Amino acid sequence: MSEFESGAATPASLENASPDGGKKAELDGGVSFDLLISLCKRRGFVFPGSEIYGGINALYDFGPLGVRLRRNIRQSWWNRMVERRGDIEPIETAIIMNREVWVASGHVGSFSDPLVECAACHRRWREDHLEDERRARGKTGAGCPECDGTLGESRKFNLMFRTFLGPVQDDLNEVFLRPETAQGQFVNFANILNSTRHSLPFGIAQTGKSFRNEISPGNFIFRSREFEQMEMEWFCEPGSDREWFEYWCDDRFAWYVDELGVRSARLRLRPHTREELSHYSAGTSDVEYLFPFGWGELEGIADRTDFDLGAHQQHSGKDLTYFDPATNRRFLPYVIETAVGVDRTLLVTLMDAYDEEEVRGEKRVLLRFHPAIAPFQLAILPLSKKPELTGLSLSLVERLRSRWSVDFDQTQSIGRRYRRQDEIGTPLAITVDFESLQDHAVTIRNRDTMAQVRVSIDRLEVAIGEQLAEAAQRVLARARGELPVN
RNA sequence: GCGGGAGUAGCUCAGCUGGUAGAGCAUUUGCUUCCCAAGCAAAGGGUCGCGGGUUCGAGUCCCGUCUCCCGCUCCA
């Protein structure tokens, strides 16, 4: 465990956590969870799951804006990982897989830790770690490492959701909801190889839901029991894995800054220490973001060696080797994995985009989304609800919807509507007024600068394109630290 | 599971020592040729988490229960 994960986010621990103390002042603070949770519910990003029944622990529903944001995040990942390259193939595998998959992967074994609980202090221990814990505290005997209390019966604590395939609830029919999507890639490695004519190196990518019965979920949607992953498995020649590992670390880190517009000052790439490394990994680095509770992982990039393919080959008895015609050699490829959480990315884009400023003595709340991920890129706002303006406005809505995601709002005053759009991060608002009927021009108003320009309806698409590009540049400059952090 | 905090309108909260619910914001409607949470006028919305108990009477006291949030072997 790292020093950063052990403590609360006290100012002191944040100082320790900061690799370069110079950024400390900027790194402190940020939007609070309470404020964000409230905004998410009020505006329709995230709702508590099953709310009218009192909710359900650590599960959430996504509202109209949240869904749009999620889709855009997924799309951004998809574009970078699949669409703009030729060497990564997509796949979608079933959430429920043959039970043996999880035996081979090690999840049935290592995901079901035997836990014992102290009757006195109620602390829980992993049974297989008891000796280490006692030694660390200089204890002897069979009691609780902390308080010497009596330990209870050993219980299996399986992090995988269990269910039954078919109507008979029999242990023979036991199956699991996947705790990660990656095994779908490994299990289909031979299928992809045979159906796509790829030679090494190449990747297989998948987005989809995963499920884990976390012991302690929390921090809003940060750790949920149902979550969505975007995972890519990169198959390469043994010996080239270190190089590819570095490549993917750089590439994945860049995604957050260059495409999502997350401020680099709040991001870091942290290599795992030797003790942290998983049994399968020859090296792992996490992309982390500075949350109010401290640094938290968004993405893990891991050199998984040939562990997974080897395990599946052995367990299934099927040949999963790759034949290299150039060298006439047959071998198990090594794998670099990049694994991101959609929900965590959504949380980060919200937190990082959140900003407040004072305008004429009033607080203005805005989300400085990159236009590519904003739920709406445009809002059409008639200055008045008069039918003439409504008609023209709706025709613009229809026209622009073929290219952008457009919101339409004609309730209440124009000032309110600007603020409302600011709060959901719409980069541009297009205002239709009475003069528009005469001069065939409308006003484009900018979320970040509140500046307005009058443009002819004839060249509206061009003007919008330019302004969105400009807005994107502004967000990216902020992300790279070329503009003041706030 | 343990410790701490909290459950009252969509959101944020008020409601003192018990007397059958309020504010701000938000939402909706109307009027105003109306460009930065504008003005005026209205409206909708709560069995005060749930169940018991004490009491003539309970958001307010007691018991139970559920849920949420914050801390302790998580790695998306």
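A quick note: this is a predicted structure, and the numbers were derived from the prediction, not measured. Values below: all heavy atoms of this structure, side chains included; hydrogens, waters and symmetry mates excluded. Sequence lines set the chain letters: A, B, ... in the order given, protein chains first and strands last, and positions in each chain run from 1.
Distance noted for atom C1' between rU55(B) and rC62(B): 12 Å (whole Å). Here, rG71(B) and rU12(B) have their C1' atoms 25 Å apart, quoted to the whole Å. Comparing rG15(B) with rA9(B), their P atoms sit 15 Å apart, to the nearest whole Å. Remark: the separation of the P atoms in rC48(B) and rU8(B) is 11 Å, to the nearest Å. Atom C1' of rC56(B) sits at a distance of 13 Å from the matching atom of rU20(B), rounded to the whole Å. Rounded to the nearest Å, the gap between the C1' atom of rU60(B) and that of rG1(B) is 32 Å. Between rC31(B) and rG46(B), the distance separating the two P atoms is 28 Å to the nearest Å. The gap from the C1' atom of rG59(B) to that of rA6(B) amounts to 14 Å, rounded to the nearest Å.
Comparing atom distances between the Arg344(A) side chain and each of rU33(B), rA76(B), rC36(B) picks out rA76(B) as nearest. With rA26(B), rA76(B), rC36(B) as the candidates, the nucleotide lying closest to the side chain of Arg416(A) is rA26(B). Residue Gln229(A) has its side chain nearest to rA76(B) when only rA76(B), rA37(B), rA38(B) are considered. Which of rC34(B), rC36(B), rU27(B) sits closest to the side chain of Ser384(A) comes down to rC34(B). Considering only the side chain of Lys386(A), rU33(B) comes nearest among rU33(B), rU28(B), rA76(B).
For Phe45(A) and Phe62(A), the ring centers sit 6.0 Å or farther from each other. Ring centroids of Phe291(A) and Tyr289(A) are separated by less than 6.0 Å, placing the two rings close together. Between Phe211(A) and Phe227(A), the distance from one ring center to the other does not fall under 6.0 angstrom.
Looking at which nucleotide of RNA chain B each of Phe220(A) and Arg223(A) is closest to, the 5′-most match is held by Phe220(A). Along RNA chain B, the nucleotide closest to Arg364(A) and the one closest to Glu231(A) are compared, and the more 5′ of them pairs with Arg364(A).
Both the sub-6.0 Å distance and the 45° axial angle are satisfied by Arg268(A) relative to the ring of Trp295(A). A cation-pi contact links Arg252(A) to Trp255(A), judged by a cut-off of 6.0 Å to the six-membered ring centre and 45° from its axis.
Neither side chain, Thr443(A) nor Gln452(A), offers a donor N or O lying under 3.5 Å from an acceptor on the other.
Spacing between atom CG of Asn219(A) and atom P of rA76(B) amounts to 16 Å, rounded to whole angstrom units. To the nearest angstrom, P of rU33(B) lies 16 Å from CD1 of Ile414(A). Rounding to whole angstrom units, CD of residue Gln183(A) and P of rA76(B) are separated by 12 Å. In this structure, the CG atom of Leu39(A) is 14 Å from the C1' atom of rA37(B), given to the nearest Å. Separating the CD atom of Glu226(A) from the P atom of rA76(B) is a distance of 17 Å, rounded to the nearest angstrom. Following rounding to the nearest Å, Lys363(A) (NZ) and rG24(B) (C1') show an atom-to-atom distance of 13 Å. We find that CG of Leu36(A) is positioned 14 Å from P of rC69(B), with the value rounded to whole Å. The distance from atom CZ of Phe293(A) to atom P of rC72(B) is 11 Å, rounded to the nearest whole Å.
Looking only at distances, a side-chain donor or acceptor of Arg447(A) sits under 3.5 Å from a matching main-chain atom of Phe369(A). The main-chain N or O of Leu428(A) is never found under 3.5 Å from a side-chain atom of Thr426(A) such that the two would form a donor-acceptor pair.
Contact annotation for Thr443(A): base contact, defined as any heavy-atom pair under 4.0 Å involving a base atom. The residue Glu180(A) sits apart from the nucleic acid: no heavy atom pair falls under 4.0 Å. Within 4.0 Å of Phe45(A), counting heavy atoms only, lies no atom of the nucleic acid at all. Residue contacts for Ser224(A): at a heavy-atom cut-off of 4.0 Å it reaches a base atom on one of the strands shown. Using a 4.0 Å heavy-atom distance criterion, Phe33(A) is classed as making no nucleic acid contact.
Between Asp439(A) and Arg454(A) there is a salt bridge, since at least one side-chain N of the basic residue sits less than 4.0 Å from a carboxylate O of the acidic one.
Side-chain N/O atoms of Lys385(A) include none lying less than 4.0 angstrom from OP1 or OP2 on rC34(B). Distances shown here put a side-chain N or O of Arg212(A) below 4.0 Å from the OP1 or OP2 atom of rA76(B). Neither OP1 nor OP2 of rC35(B) sits under 4.0 Å from any side-chain N or O of Arg417(A). Of the side-chain N and O atoms in Gln412(A), one or more sit less than 4.0 angstrom from OP1 or OP2 of rU27(B).
Taking the six-membered ring where the residue is Trp, Phe186(A) and Phe235(A) present perpendicular rings, their angle passing 60° and hence far from 30°.
Pairing for rC34(B) is absent, with no Watson-Crick or G-U wobble pair whose two atom distances lie under 3.5 Å. Pairing partner, rU67(B): rA6(B), with both Watson-Crick or wobble hydrogen-bond distances short of 3.5 Å. As the counterpart of rA43(B), rU27(B) is assigned, both hydrogen-bonding distances of the Watson-Crick or G-U wobble pattern falling under 3.5 Å. Pair assignment for rG59(B): none, as no Watson-Crick or G-U wobble contacts are both less than 3.5 Å.
Glycosidic torsion of rG57(B) falls outside 90° of 0, placing the base in anti.
One finds the CZ atom of Arg445(A) at 4.0 Å from the CG atom of Asp422(A) (value rounded to the nearest 0.5 Å).
Looking at residues two or more places apart in sequence or on another chain, you find a salt bridge (Lys or Arg N to Asp or Glu O under 4.0 Å) between Arg80(A) and Asp251(A), Glu259(A).
Among the candidates Lys209(A), Arg344(A), Arg74(A), the single residue satisfying the side-chain hydrogen bond (donor to acceptor under 3.5 Å, both in side chains) test with Glu228(A) is Arg74(A).
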Grab the N/O contacts between the protein and nucleotides 41-43 of chain B below 3.5 Å, and write none if there aren't any.
none

Enumerate all atom pairs, one protein N or O and one N or O from nucleotides 10-14 of chain B, separated by less than 3.5 Å.
from: rG10(B); atom 1: O3'; to: Lys41(A); atom 2: NZ; distance (Å): 3.4
from: rC11(B); atom 1: OP1; to: Lys41(A); atom 2: NZ; distance (Å): 2.4
from: rC11(B); atom 1: O2'; to: Ser38(A); atom 2: OG; distance (Å): 3.1

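Evaluation of Phe227(A) against the base of rA76(B) yields a stacking contact (centre distance < 5.5 Å, interplanar angle < 30°).
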